[in-house]
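Some notes on the structure that comes next.
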Amino acid sequence: MITLTVNGAEHKLDVDIRTTILDALRDHLGMTGSKKGCDHGQCGACTVLINGRRVNSCLTLAVMHEGDEITTIEGLGAPDKLHPMQESFLHHDGYQCGYCTPGQIVSAVGMLGEVKDGWPSHVTGDIANGGTDLSNEEISERMSGNLCRCSAYPNIVDAIRQVGTTGKGAA
Amino acid sequence: MKSFAYERASDPKAAAAIASRAHARFIAGGTNLLDLMKIQVETPETLVDITRLPLKEIVEAGGGLKIGALVTNSDLAADERVRRDYEVLSRALLAGASGQLRNKATTGGNFLQRTRCNYFYETNARCNKREPGSGCDAMNGFNRILAILGTSDKCIASHPSDMAVAMRALDAEVETLKSDGSTRRLTLPELYRLPGDTPERDTNLEAGELITAVRLPKPLGGTQIYRKVRDRASYAFALVSVAAVIGVENGRMETVRLAFGGIGTMPWRDARVEEALTGEAPSAALFAKAADILLAEAKGHGENDFKIPLMRRVLPAVLREATGVSA
C-alpha cells in the first residue's frame, strides 16, 4: 500500500511495485489527462509536476514518490476554471489532435517557473547572468522534451509566450 | 518489466550494503534504468532507492566544489558557482536530454548511464555488452552513432554522457562508498573501462559501491566552450562533441583542457593533443595538427566513418572560437 498526494488530495493505493506514476494516475486514480505516448521519456505527453518541477511520469515509480506533491493537468485547471496556460492554448489554437496538449501545458507551466528562477538554457548567450527573455529560440529549446506529431509548434510557442510575458491566457 | 524487491535506503552505508547483493541496482533519477528495465535489458532483482539520502548539496571544498551525487542535472547546471567558474560543465548539462529529464537525472547517475547503441537496446540482436560472448551486430550494422576511438573487436559502443565529457576536461573525481564502509576517490579514467574483452563492465565500481559525490578542482578560468553536433537542434545525443577550456596569455595557449564526446567508448581525452597546443601560439595549422593527433588511431566502421572528418573540422572550429584566431 502506498500513499500518493495528487493535486492536494491523498490517495491510498494498492499497486504493483512496478507501477509508474503515469500508470497510477491513469489506471488507478482515473485521471486520464496525463497521456501515454512513448512510455520511454521521449515524447513528454505524460509530463506532470512533482514538487513544482516538471518530470516524465512514465519514467518514475509511484512508490518512490510518497510524500511528494504531484500536480497533473487536472490540478491546473477545470473546464469552468481554466488555467491561463489552458486559456492561451485555446486562444492561439495550440494543438491539432490534442493528444500531446496536456503534457505541453503542464511542461510549459513548469518551464516558466524555471525561467522565473533564472535558469539558463542551451541557447542562452550569457549563462553566468542567466537569461529570462522568451524568444522563440528559448521557448523551442526549453520545450524540446515535448513532441507534437501534428507539428502545431508555432501556435504552441505563441501560446506559451503570451502567458510568459503577460501572465494572462486571454488576449 | 520484471518484478523486483524494493528497498528504501536510510543512509549511504545501508544503501551500499543492500546493493552488494547479487543483481541489485541503485535507483535515483531512474531515467535510464527504468527505460532499460521496461525492455528487459536491465532485470535487477533488488532496487535500492537512494533518493532520500543526504547527498543533494553543492559545497565549496578544496578550492573547488563538492557536488552531492543526488544533485539533479538541472540544479547543477543552474548553480551560480558552476555557471561562473565551470561554464563548460553547465553548458554540457544544458546540451543534454530535455528539461523534464534534467529535473530527474542526477549527477551520479549521469556518469553511469548506459550506451544508446541500438543493438544494446534490441534484445533480439547480438550484443557483447548486454550478453557477454553473444557477438556484436553493431560492428557491421547501423553504427552511425557509435565510437571511433577506444573500441575493441568485441564492442564499439559510444559513451552517451555530455556531462561526463565536461567533467573529464575539468579533471573531476568521483568519491565512492563501498559496501564494507570504506571510501575511495577515482579519476574518470580510473572510473571508466575501455571495452576490451569485457564490454559488459562499463566501470571499475564494485558491487554495492555507491558514488556519493563529485569533486571539481579549483577553477581554471579561460574561455570555456561545449560544442555539440547532433542530428537535431535539441534533445539528441552527440554525434561528436568537444569540451574546451582554453586560457591564452601573451599570445600563447597556457591552459588547454580538451575532452570529447560521441567519438569514444568512454568520455575521451588525449594528453598528446593538449601537449601539442600548450605554450604555443594559436594558428590554423596548429589546430589541424591537434585534430590529426586526436584522430590518428580513429577507426570507422562504415556508417560512422563520417565522424573522423567531422571531428577534424569541429575541433579546429572550437579552438578558433576559444582563441579568436582564424588564420
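Using a 4.5 Å cut-off between heavy atoms, A:Asp117 does not touch chain B at all. In this structure, chain A has a heavy atom under 4.5 Å from the backbone of B:Lys2, while its side chain stays farther away. Interface remark: B:Ala28 contributes backbone atoms only to the contact with chain A (heavy atom separation under 4.5 Å). Residue B:Ala95 touches chain A through both its backbone and its side chain, counting heavy-atom pairs closer than 4.5 Å. For A:Thr60, the parts lying near chain B are the backbone and the side chain together; criterion is any non-hydrogen pair under 4.5 Å. With a threshold of 4.5 angstrom between heavy atoms, B:Leu93 does not approach chain A through any atom at all. Proximity to chain B is absent for every atom of A:Glu137, based on heavy atoms less than 4.5 angstrom apart. Interface residue B:Ser3: backbone and side-chain heavy atoms are both found under 4.5 Å from chain A. The contact between B:Phe4 and chain A is made by backbone and side chain atoms together, counting heavy-atom distances below 4.5 Å.
Of the possible donor and acceptor atoms, one in the side chain of A:Thr124 sits under 3.5 Å from a partner among the backbone N and O of A:Ser121. Side-chain atoms of B:Asp49 do not come within 3.5 Å of backbone N or O of A:Met64 as any donor-acceptor pair. In this structure, B:Arg130 contributes its side chain and B:Phe120 its backbone to a donor-acceptor pair below 3.5 Å. Checking side-chain atoms of A:Ser135 against main-chain N and O of A:Glu138 turns up a donor-acceptor pair under 3.5 Å. Looking only at distances, a side-chain donor or acceptor of B:Thr106 sits under 3.5 Å from a matching main-chain atom of B:Gly109. The closest donor-acceptor contact from the side chain of B:Arg91 to the backbone of B:Tyr86 lies at 3.5 Å or more, if one exists at all.
With sequence neighbours left out, the salt bridge (charged side-chain N to carboxylate O under 4.0 Å, His left out) criterion links A:Glu74 to no other residue. Every residue two or more places apart in sequence or in another chain that forms a side chain to side chain contact (heavy atoms under 4.5 Å, CB included) with A:Ser140 is listed here: A:Val157. Every residue meeting the side chain to side chain donor-acceptor pair (under 3.5 Å) condition with A:Asn7, not counting sequence neighbours, appears here in chain and number order: A:Thr72.
Defined by atom type and a distance below 3.5 Å, a donor-acceptor pair is present between the side-chain atoms of A:Asp68 and A:Asn51. The closest side-chain donor-acceptor pair between B:Asn103 and A:Glu114 falls under 3.5 angstrom. Neither side chain, A:Asp158 nor A:His92, offers a donor N or O lying under 3.5 Å from an acceptor on the other.
Per-residue counts of heavy-atom pairs under 4.5 Å with chain B were compared for A:His65, A:Met111, A:Met143; the largest is that of A:His65. Chosen from B:Arg8, B:Arg84, B:Glu80, the residue pairing most often with chain A at heavy-atom distances under 4.5 Å is B:Arg8. Of the listed residues (B:Ser90, B:Ser234, B:Ser98), the greatest number of heavy-atom pairs within a distance under 4.5 Å of chain A belongs to B:Ser234. Top candidate by heavy-atom pairs under 4.5 Å with chain B, chosen from A:Asp39, A:Thr47, A:Ile50, is A:Asp39. The candidate from B:Ser74, B:Ala5, B:Gly96 with the greatest count of non-hydrogen atom pairs under 4.5 Å with chain A is B:Ser74.
By a heavy-atom distance cut of under 4.5 Å, A:Ile17, A:Arg18, A:Thr20 are the residues of residues 10-36 of chain A near chain B, going up by number.
Residues B:Leu216 and B:Ile67 form a side-chain contact, since some pair of their non-hydrogen atoms from C-beta on lies under 4.5 Å apart.
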